[in-house]
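In what follows, every chain begins at residue 1, and chains take the letters A, B, ... in the order their sequences are listed. Please read these numbers as outputs of a predicted model, since none were measured by experiment. All heavy atoms count here, side chains included; hydrogens, waters and symmetry mates do not.
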Amino acid sequence: MSRSLSFSELTSYFLQLEETRSRNEMTDILVDLFKETPNSEVDIVCYLVLGQINAEYEEEVLGLGNKMVAKAISIASSKSKQEVQELFRETGDLGTVAEKISGETKTLNSFFGEQKELTVTEVHQGLKDISRFEGSGSYDKKLRTLAGLITRADKVGARYIVRISLGKLRLGIGAMTLLDTLAKTYTGDKKNRPEVERAYNISSDVGLVGKKLAYKGHKGLEDIEVEVGRPIRMMLAQRLENLDEVKDKLEDRFAAEVKYDGERMQIHKKNDEVKIYSRRMEDITHQYPDVVKAINQSIGSKEVIVEGEAVAYKDGELQDFQTLMQRKRKYDIQKYVEKIPVKIFLFDMLYKEDSLLDKPFPERRKKLEQTISENEIVKCSDIIKTTELREVEKFFNKSVDEGQEGIMIKSCSKDSIYRAGAREWLWIKWKKDYETRMSDTVDLTVVGGFAGRGRRSGLYGALLCAAYNKQKDIFETVCKLGTGFSDETLEELPEKLKPFESEKKPARVSSKIEPDQWFKPEFVVEVLGAELTKSPVHTAGIDTIGNEGIAIRFPRFIGFRADKKSEDSTTTKEIMVMYEKN
DNA sequence: TGTGCCTGCCC
DNA sequence: ATTCTGC
DNA sequence: GCAGAATGGGCAGGCACA
């Protein structure tokens, strides 16, 4: 009988992977790992290498985040929770923390007698157990089980158990590198990656792909086909800098569609049985009984997969994203079906009695329109076919005026297949905030900083930013800011901000959020956002609209404003005006 | 029983 | 979601 | 240009704890 892979063997490969940044080398290392892996454990190794415990569409989740894991490390190490948190802030990696301080328990362990070496299967099983604990006392069980695994592992093992339980191995290995590896290990050539990738994209399960390949080689891929009822990885869109680039990318064969601000849905219908999957392939059927019913009324065909965007709708108008999000619930479903009705704007058809993935977009779209009959809830997305950029621009403006995000531009060429799981130029998104001239940037005062994690450890990972309330002469938070920084900028930040460090929250700062480091309100940055939303945590304009402030959706750093004083920051009043313009 | 922290998942 | 970076 | 790893706002749900 085949042996079992020990967890320390697995982590010895992880150590090697951390030594390189070349994906070719990573693939070679991983190939060696899979050569050591018994076929029966290939699926588990696939999941663990990605920091998962099962296929993404499976329901089981660990329910372990930084705080829980920090607690577990504390239990496993006899260090206090505060000490663990402090080390976390310093290192930016709980895995390293666990590795560092799980030493003392080891001698204890051997004192009580040699335990059998931890296997990959045991770690996986332990994590699965953790995912299944629920109800009163479950936190404790989760913590104890995780602490137990950490204790049983060696130091390096502790590091990786912690990282896996957080879902962030940070080895530079993602699904695509793993697929390269599987192709090379089991079909002998990385060139076969496209076929392997296809199997993954239509099955949404790397473990399944790995196992099929391990047992049956290249031929195993034939077992994997589209199944109505199992989610397909969703096709994504590239983004543009300028609208004119569309012509370079798609020439004259394209169509433009409204990009609705809602929730993506992939709807599978098999006879009367309807399943709805989210962008991340979660089964969200139970949240939308209204959509299920409407789809059954709308589509007669037996086996169908369609895709669309659900948007909240009331009194003849599409509602914003935040409104729709209240439908993301487990209880009071029927009440909310009535309170927050939705429409689903279908834009693609992936299956009709047979797979349509390889058909060009115009054909799929035509089939979609022929197949569905629109009703109160089920609609086709708004689409125009033109070669005139001016028409596209007009369409874009209309979409934005109606409160939507912008437009999608889709290739209509012969090769415009549905590229499951891929972000390519067959679909292009064009949103209103991509051009700074179209949505105002804002100058904000930095009032706090958050310790960076992973590659940002030892630096600030994000800044707490505030607008200026002129009347009260205080600074009210509007967002945290953690993207848009180059490595260079990130390196500069601690030094630039040092003069403004403050032990406590400065008197002139109003914030519900507690950063790792407070700053006196002096330093100004330029920030771009998509739009302004009502916020339960940010304080900008908090008395003007009841007890809620305003926040920026999708904030990103544009640059420093050394020329500005904090009092020259965008004012809360200006923010309110911008908010009301929406 | 109510509140607040934490997590996962939408974007 | 957006953004940056090494390959 | 791909693939990966940093990071955002904000919603509901689950649990602990007062």
Taking any heavy-atom pair under 4.0 Å as a contact, classify [X]: base, sugar-phosphate, or nothing.
| X | answer |
| --- | --- |
| Ala530(A) | nothing |
| Arg419(A) | nothing |
| Asn66(A) | sugar-phosphate |
| Gly135(A) | sugar-phosphate |
| Lys512(A) | nothing |
| Tyr331(A) | sugar-phosphate |
| Lys71(A) | nothing |
| Ile284(A) | sugar-phosphate |
| Leu64(A) | sugar-phosphate |
| Lys142(A) | nothing |
| Phe450(A) | nothing |
| Ile513(A) | nothing |

Whole Å only: how far is the [atom1] atom of [X] from the [atom2] atom of [N]?
| X | N | atom1 | atom2 | value |
| --- | --- | --- | --- | --- |
| Asp180(A) | dC2(D) | CG | P | 14 Å |
| Leu528(A) | dT3(C) | CG | P | 7 Å |
| Arg553(A) | dT3(C) | CZ | C1' | 17 Å |

Can you find a donor-acceptor N/O pair under 3.5 angstrom joining the side chain of Lys328(A) to the base of dC9(B)?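 Check passes, donor-acceptor contact within cut-off.
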Could one point to a donor on the side chain of Thr483(A) or the base of dT7(D) with an acceptor on the other under 3.5 Å away?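 No pair found.
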If you measure from the Lys or Arg side-chain nitrogens to the Asp or Glu carboxylate oxygens, is any gap between [X] and [Y] under 4.0 Å?
| X | Y | result |
| --- | --- | --- |
| Arg193(A) | Glu197(A) | yes |
| Glu60(A) | Lys128(A) | yes |
| Lys275(A) | Asp283(A) | yes |

When you get a sec, tell me which of dG14(D), dC11(D), dG8(D) is the closest nucleotide to the side chain of Tyr139(A)?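 That would be dG14(D).
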With distance as the sole test, does Ser486(A) use its side chain to make a donor-acceptor pair with the main-chain N or O of Thr489(A) at under 3.5 Å?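 The answer is yes, because a donor-acceptor pair under 3.5 Å joins these two groups.
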Please check this pair: side chain of Ser381(A) against backbone of Phe345(A), looking for a donor-acceptor N/O pair closer than 3.5 Å.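 No, because the side chain of Ser381(A) does not come within donor-acceptor range (under 3.5 Å) of the backbone of Phe345(A).
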